[in-house]
Amino acid sequence: MAHSKNRATDGKITYPPGVKEISDKISKEEMVRRLKMVVKTFMDMDQDSEEEKELYLNLALHLASDFFLKHPDKDVRLLVACCLADIFRIYAPEAPYTSPDKLKDIFMFITRQLKGLEDTKSAQFNRYFYLLENIAWVKSYNICFELEDSNEIFTQLYRTLFQVINNGHNQKVHMHMVDLMSSIVCEGDSVSQELLDTVLVNLVPAHKNLNKQAYDLAKALLKRTAQAIEPYITNFFNQVLMLGKTSVSDLSEHVFDLILELYNIDSHLLLSVLPQLEFKLKSNDNDERLQVVKLLAKMFGAKDSELASQNKPLWQCYLGRFNDIHVPVRLECVKFASHCLMNHPDLAKDLTEYLKVRSHDPEEAIRHDVIVSIVTASKKDLSLVNDHLLNFVKERTLDKRWRVRKEAMMGLAQIYKKYTLQAEAGKEAAKQISWIKDKLLHIYYQNSIDDRLLVERIFAQYLVPHNLETTERMKCLYYLYATLDGNAVKALNEMWKCQNMLRHNVKDLLDLIKQPKSDSYNKASCYPGKTQDFVKKLAQVLEEDEKIRKQLETLVSPSCSCKQAEVCVVSTVSLHLDSACSYRHRIHQSFISFFSALIKQVNKSIEGTADDEDEGVPTEQAIRAGLELLKVLSFTHPVSFHSAETFESLLGCLKMDDEKVAEAALQIFKNTGNKLEESFPHIKSVLLPVLQHKAKKGSPRQAKYAIHCIHAMFSNRDTHFAQIFEPLHKSVDTDNMEQLITPLTTLGHLAMLAPEQFAAPLKSLVANFIVKDLLMNDRIPGKKTTKLWVPDDEVSPETLAKIQGLKLMVRWLLGVKNNQSKSGNSTLRMLTAILSSDGDLTEQGKIGKPDMSRLRLAAGCAILRLSQEPCYHEIITLEQYQLCALVINDECYQVRQAFAQKLHKGLCRLRLPLEYLAVFTLCAKDPVKERRAHARQCLVKNINLRREYLKQHAAVSEKLISLLPEYVVPYAIHLLVHDPDYVKVQDIEQLKDIKEALWFVLEILMAKNENNSHAFIRKMVENIKQTKDGQCPDDPKMNEKLYTVCDVAMNIVISKSTTYSLESPKDPVLPARYFTQPDKNFSNTKNYLPPEMKSFFTPGKPKAANVLGAVNKPLSATGKLQTKLSRMETISNASSNSNPSSPGRSKGRLESADVDHSENEDISMKSPSETEKPSRGRKRGAAANQDDKGQESKPKRGRKKAANTSTDDAEDQWGEDGSMAEASMETEDEQNSPPKRGRRGRPPKSAASKDETPSKGRRGRRKTAPPADEENEEEQEECSRKKKKSEQLLAVLFVSRVSSVYHSVLCYMNNHFVVPFFICSSFYSFLF
């Protein structure tokens, strides 16, 4: 090397053979030619060629001169750069250039030449690639580490490479660039912030989208240098995140985007950065927390992310943001949930509790997005979500906001269609979500028209999609109906009935338009309120536009198919009648044109060729459900059944052994066969003998429907009735009770449908056979049992026959509809005698207790049925009315339940007089919670029904006393005055019972002060107090009871109302039968209540009409600050329940665990400790002593029990085959043994004749007096109760004062601090 230095000192330049001197004196072309030869020479040299290295040292120095480095020609510069790259390779590790400035110039020159890589189609691209390959392989730039300006050189190199990289480069170019840059990072002493920014800027989304190849290059570089570059990345984020030094880099504003990209590239790059994010999650800056939450949502939710398992503290801290005070933060967390559920199912358990809280969030958008997140994950894969998450969606179907309810309902519908109809995840998944169809249909019970329209839309699009082929669609409907629960079936039936009613209304409107305008206007005016305006507007549109009118006529036509309906709707919408689209599935008879397919499906099940088992439905259940479906559709669409094929299939069903199948077929014939005689005579000739046989030998229900079929279908019905009546009338005999039931049923319905045709024989039959021979004789001794109720199949045939005998008498009277022969009086005396004798009319003691319960129920229901006819209602005495009312307090639970359902049905149809609504007042004393709740539901529905009826029928003001709900108060007072339990006028405990019973009905009546009804009730009670009892006007004790009960009612009104003192809108009219005319000379201002009663009338506003709605408590969680307003909103968000109450869609609803929502719904059995709750004020000491001694205890008025009384058939008021309840009633001894409470309304057999014990025939029962020591104990307990109540009142006063302080503090916290909610709740708990 010393010799080389000498040669260099000489300054003589040696060129390769054949290459002349290269200077500025030659042309560019010649220079390029000579340089190419030099390049070739250096390319062929290697590091071991010492002589050549020495020979060409001066040439190497010459090529680094400014003449070449600043040459204007790019070809010259490229060749020189290639030479210099080879020189660095040949002379490595020591470069021939020693000057730092020269080295900087050389490397900056080479960097500039690398820009030529950008044009991949250039002729010189291979030389540019050679240059890159050479410097990358040799790591030439590592020489710059010792230079002061190395950072400038490296930064320029990085920028150049990131600029030139493009999609035209192959993998080799990419690899060499990574090699070149990574060597600088890995082998250098440090990485400057400027150089780091040059790399990281390519990860920013804006740059990433502009140059994807630069992003990939940066990504590859960071992966290659992760370990070396990680400290510098950590330092950068420390400066920005922790110290807030945003000036250290221009990328500070993109810090969260960079963290995400770096995490996706290599999580090890952020090992020291992630803990800083936990700190940022707790920042006081809302926007900063939001940014961090968005970042972590992407990091945790990424498909292959393991961040949650690797950094659990950060995960838990992130979950805490679900309860953030800032709404956008909570919203972002909820949106993240779907990605997390889809990509990380193992985290579903952690998310469930937080999503539960957010599903009750005060913000509508958050509740909405909770639903979206869960549904989105479910639609991807049902296994990703657990049952708890799906239940959150289920709850939100009852949200207070329509947007949330709609999202929840549509989400469930989409899930159901995907996994049940399309079966994308197998039978197990379909089974898991089998509840969805029921839940969606339950929503039809809601009052909102939007909810109900959406249910109809869901049914047509998701449950039974209208775009399926005919056969598949009917199969879908068939098995859907077979698997629905009872309430869903009722809702679906109600939906079809509403659609049918709407079709008829549209038809009527179209007919009205064709009439003269004045007549049409008058008939349209019968609609109430805004409805009238809408109808007039629609009528105007239809009058002016003939095309729309014809399209509506097509839609309501029975022959309209789905395709025709779609065409009509599209055309209608194009004509700007947008609202018609919402009603398309309501107006047109979507699937009715496919009845033949539905009939064939039912026939397949009957023949055993259907795949019922594969669908998870037993064949017998499928057949019954199919016929029930046809039965419902026969009511709403009878015309669609008019085909020989349909009637022949129904004839086949009549011949089946299954009684239920035959009954359904008979009902379908009854609904659809009005034109069968003239249109299908061959069917008639076959059907008539079958009907006659069913009427004589079939089951009781079959006999009933057979008679009604003949009455509805045949013109010469009198002849057919006579052919049935004569043989049955002559053959009735008490020797075989089992064979007597069907003939009595048939004769009863014949008596109702043709009373004049068989007047004489029927009167003789009733007087001589039914009363004297059947009812007044007990032939077969009943089973000795302590049970009060047994299933239908265990009821004795004699009792069933007696029940049918009672029904025959009632049906005969209903057919006659007059009391000229005084048969009505005799029948009513017979029925009340049954009630007075506990069901044992002969009082011989031969009848068992379960049979007595059945007979009491039959007698009570018979009186209700007769009360619906005005001619018989007039002759019912007050004593008979009271005895009938007391059946609702019967000792047998099933009797109370069935009687209440019959009562409710008659009242809802506005057939029973208003005084029978007061009977529900007595339910306040029922010891079973479900019975009280059901009675309350009935009151709410009937009161709302009557108020709505009065609004829509303003012309019935003359009948106000029979319709206005407030007029139930006098009847309630009358029943309570004559209550056999009300013995001691001034007894505090008995008065408390009276107060509870009155509040039971007044609470609902006073929920709305419509037309100053509070003052009206007050005036009514005042007027009653000026009269005397209509039943016992001369009895001072009875009148004192009346005035005392009036004072109780008055105190309730005064304590619960602030407007009672206003002027009454009308002067109340009192029922003349119940109260005497007021004496003008008598002014009763005396207070009859004992002073102790005043403390029991607590002031307060009555609950709203939906008093039955169970509202969830507000949910809170750590980290969420809830103000008073947010808590209130949360309460209103919370769903009340998911189960419907009845097809009437009453507003008040109860939780399914506590209340019998439907008249026919089963009631869950609870333990005796829960159900045997003594009535307030009843002394139970004697009964307890009797139990301890093993003696027979006094029965209680009822007991909770799983029972289901059938009320499906409108004609069957009393139940056929002696059936007062469904077979699902339990038969355990404990369930049906006599309760330990005194029966109401019937005297005990062994009652001693004392001063306050009614004589035989009077109602009531003497209460057993407790022993003296027990009286003392009760006095002590009463004192302790009063003391405790006083302490509680003081505590309430204290809390009411301190509570205001708490709310002030809470509001201050909310305005100034981010306070964890548990601090506030702890403070609140301390106060209370």
In short, salt bridge (charged side-chain N to carboxylate O under 4.0 Å, His left out) pairs touching residues 127-148 with sequence neighbours left out are Lys139-Glu187
Taken to the nearest 0.5 Å, the spacing of Cys340 SG from Leu384 CG works out to 10.5 Å
So the side-chain hydrogen bond (donor to acceptor under 3.5 Å, both in side chains) pairs with at least one residue in residues 265-275 (sequence neighbours excluded) are Asp266-His268
Test side chain to side chain contact (heavy atoms under 4.5 Å, CB included) on Leu262 and Val273 and set out the steps. CA-CA 11 Å; Leu262 290 171; Val273 177; over 6 Å; no
**Message:** Using only atom types and a distance under 3.5 Å, with no angle test, would you say the side chain of Arg330 pairs donor to acceptor with the backbone of Asn323?
**Reply:** no
Asp86 meets the side chain to side chain donor-acceptor pair (under 3.5 Å) criterion, sequence neighbours left out, with Arg89, Tyr130, Asn134
Less than 4.5 Å apart, side chain to side chain, heavy atoms only: is that true for Lys294 and Leu290? yes
Rounded to the nearest 0.5 angstrom, the CG-CZ distance for Leu258 and Phe236 is 6.0 Å
| message | Are Asn386 and Leu390 packed together at the side-chain level, in the sense that at least one heavy-atom pair is separated by less than 4.5 angstrom? | response | no
ask   = Taking atom types as modelled, is there a side-chain donor on Thr120 or Asn166 under 3.5 Å from an acceptor on the other?
value = no
Checking side-chain polar atoms at under 3.5 Å, does Gln291 have a donor or acceptor matched by the opposite partner on Asp287?
no
- Message: With a 6.0 Å cut-off on the ring centroids, do Phe67 and His62 count as close?
- Response: no
Quick check: His388 with Phe392 (ring centres under 6.0 Å apart)?
no
For residues 228-242, the side-chain hydrogen bond (donor to acceptor under 3.5 Å, both in side chains) pairs (sequence neighbours left out) are Glu230-Thr234, Asn238-Gln276
To the nearest 0.5 Å, atom OG of Ser150 lies from atom CD1 of Ile184 at 9.5 Å
Those residues at least two apart in sequence (or on a different chain) that pass side chain to side chain donor-acceptor pair (under 3.5 Å) with Lys312 are none
Between the CE atom in Met181 and the CG atom in Leu222, the distance rounded to the nearest 0.5 Å is 9.5 Å
For the ring pair Tyr97 and Tyr91, is the centre-to-centre distance below 6.0 Å?
no
Q | Between Ser383 and Asp381: side-chain donor-acceptor atoms closer than 3.5 Å | A | yes
Exercise. Decide yes or no on side-chain hydrogen bond (donor to acceptor under 3.5 Å, both in side chains) for Asn284 and Arg289, but give the supporting numbers first.
Key: CA-CA 8 Å; Asn284 290 333; Arg289 289 201 314 278; 5.7 Å; no
Glu288 meets the salt bridge (Lys or Arg N to Asp or Glu O under 4.0 Å) criterion, sequence neighbours left out, with Lys280
Fill in: Candidate pair Phe107 and Phe88, rule ring pair (Phe, Tyr, Trp, His ring centres under 6.0 Å), full reasoning
CA-CA 11 Å; Phe107 281 104; Phe88 282 117; 4.9 Å; yes
Let me see the working for Leu78 and Lys74 under side chain to side chain contact (heavy atoms under 4.5 Å, CB included), right down to the final yes or no. CA-CA 6 Å; Leu78 172 60; Lys74 65 178 182 178; over 6 Å; no
Exam field: side chain His344 to backbone Asp346, donor-acceptor pair closer than 3.5 Å = no
Sorted by chain and residue number, the side chain to side chain donor-acceptor pair (under 3.5 Å) partners of Thr111 (sequence neighbours excluded) come out as Tyr141
Sorted by chain and residue number, the side chain to side chain donor-acceptor pair (under 3.5 Å) partners of Asp250 (sequence neighbours excluded) come out as none
> Is it true that a side-chain atom of Asn264 and a backbone atom of Leu260 form a donor plus acceptor pair closer than 3.5 Å?
Replying inline: yes
Applied to residues 152-164, the salt bridge (charged side-chain N to carboxylate O under 4.0 Å, His left out) test, sequence neighbours excluded, yields Lys104-Glu152, Arg159-Glu194
When Val178, Val164, Leu217, Leu132 are each screened for side chain to side chain contact (heavy atoms under 4.5 Å, CB included) with Val173, the one that passes is Leu132
From CA spacing to verdict: side chain to side chain contact (heavy atoms under 4.5 Å, CB included), Leu296, Leu281 = CA-CA 10 Å; Leu296 289 176; Leu281 278 175; 3.5 Å; yes
For residues 208-218, the salt bridge (charged side-chain N to carboxylate O under 4.0 Å, His left out) pairs (sequence neighbours left out) are Lys208-Glu261, Lys212-Asp216
Assess whether atom CZ of Phe279 is packed by more than 12 heavy atoms of other residues, nucleotides or ligands within 6.0 Å. no
Residue pairs meeting salt bridge (charged side-chain N to carboxylate O under 4.0 Å, His left out), one or both in residues 166-184, sequence neighbours left out, come to Asp179-Arg224
Just by modelled atom types, is the Ser182 backbone N or O under 3.5 Å from a matching donor or acceptor in the Thr225 side chain?
no
Is Leu382 close to Val385 at the side-chain level, that is, under 4.5 Å between some pair of heavy atoms? yes
Interatomic distance, CG@Asp105 vs OG@Ser99, rounded to 0.5 Å, equals 8.0 Å
Taken to the nearest 0.5 Å, the spacing of His254 NE2 from Ile259 CD1 works out to 13.5 Å
Of Arg396, Glu407, Arg401, Glu363, the one forming a side chain to side chain donor-acceptor pair (under 3.5 Å) with His368 is Glu407
From the list Asp369, Val370, Val372, Thr376, side chain to side chain contact (heavy atoms under 4.5 Å, CB included) partner of Lys335 resolves to Asp369
Between Phe125 and His169, how do the two ring planes meet: parallel, tilted or perpendicular, split at 30° and 60°? parallel
So ring pair (Phe, Tyr, Trp, His ring centres under 6.0 Å) across residues 284-317, not counting sequence neighbours, yields Phe300-Trp315, Phe300-Tyr318
